[in-house]
Amino acid sequence: MKVYVIAIITSKPEYMGEVKNALVELMEETHKEEACIQYDLHRDKEDENRFIFYEIWEDQEGLDKHNGQPHIKKFQAFANGKLQEAPMVIKANKV
């Protein structure tokens, strides 16, 4: 069963450019994953520091594998101290 995910990442203003570049790199690497159907990065129109990923995964197993990938761990290490708050991740089923 497909898994739909919304992830919201809000950078501290002074790191916005660095965070944006890291998220673009994360997106490019994630597109190479077999279970990735869609992984789109958006930027909030009202808050340039807020980024939103819209994701569709083949199944929970594929999402779990994604969460253990080196590029995810690299971003997590990079983002330490550069975000306003912990990323918000919402998993959903299509209605």
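Everything quoted here is computed from the prediction, not taken from an experiment. When reading the values below, keep in mind they use all heavy atoms of this one structure, side chains included, and skip hydrogens, waters and symmetry mates.
With a 4.5 Å cut-off between side-chain heavy atoms of Ile, Leu, Val, Met, Phe, Trp and Tyr, the cluster of Met1 takes in none.
Both Ile37 and Ile52 belong to a single network of hydrophobic side chains, linked directly or stepwise wherever heavy atoms of I, L, V, M, F, W or Y lie under 4.5 Å apart. Cluster annotation: Met16 is not connected to Ile8 through the hydrophobic network of ILVMFWY side chains, with a link wherever side-chain heavy atoms come within less than 4.5 Å. Hydrophobic clustering (side-chain heavy atoms under 4.5 Å, transitive across Ile, Leu, Val, Met, Phe, Trp, Tyr) keeps Ile6 apart from Leu41.
Closest non-hydrogen pair, Tyr54 versus Ile56, comes out as OH-CD1, 3.8 Å. In plain terms, the two heavy atoms of Asp59 and Val3 that are nearest each other are C-CG2, 3.7 Å. Summarising the geometry of Ala35 relative to Gly62, their closest heavy-atom pair is CB-CA, 3.5 Å, with the distance given to 0.1 Å.
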Atom pairs and distances, side-chain donor-acceptor, residues 77-95, under 3.5 Å, sequence neighbours left out:
from	atom 1	to	atom 2	distance (Å)
Lys82	NZ	Phe78	O	3.2
Gln84	NE2	Ser11	O	2.9
Lys91	NZ	Gln60	OE1	3.2

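Residues Met27 and Thr30 are not in side-chain contact: their nearest non-hydrogen atoms beyond the backbone lie 4.5 Å or more apart.
Annotation: Glu34, atom CD; neighbour count of heavy atoms from other residues, nucleotides and ligands within 6.0 Å does not exceed 12.
One finds the CD atom of Gln69 at 11.5 Å from the CG atom of Asp64 (value rounded to the nearest 0.5 Å). From Ile9, atom CD1 reaches atom CG of Asn49 across 12.5 Å, with rounding to the nearest 0.5 Å.
Sorted by first and then second residue, the pairs that involve residues 36-45 and meet side-chain hydrogen bond (donor to acceptor under 3.5 Å, both in side chains), not counting sequence neighbours, are Gln38-Asp40, Asp44-Arg50. Residue pairs that meet the side-chain hydrogen bond (donor to acceptor under 3.5 Å, both in side chains) test with at least one member in residues 15-29, sequence neighbours left out, are Glu25-Lys74, Glu29-Lys32.
Remark: Glu55 engages Trp57 in a side chain to side chain donor-acceptor pair (under 3.5 Å) (not counting sequence neighbours).
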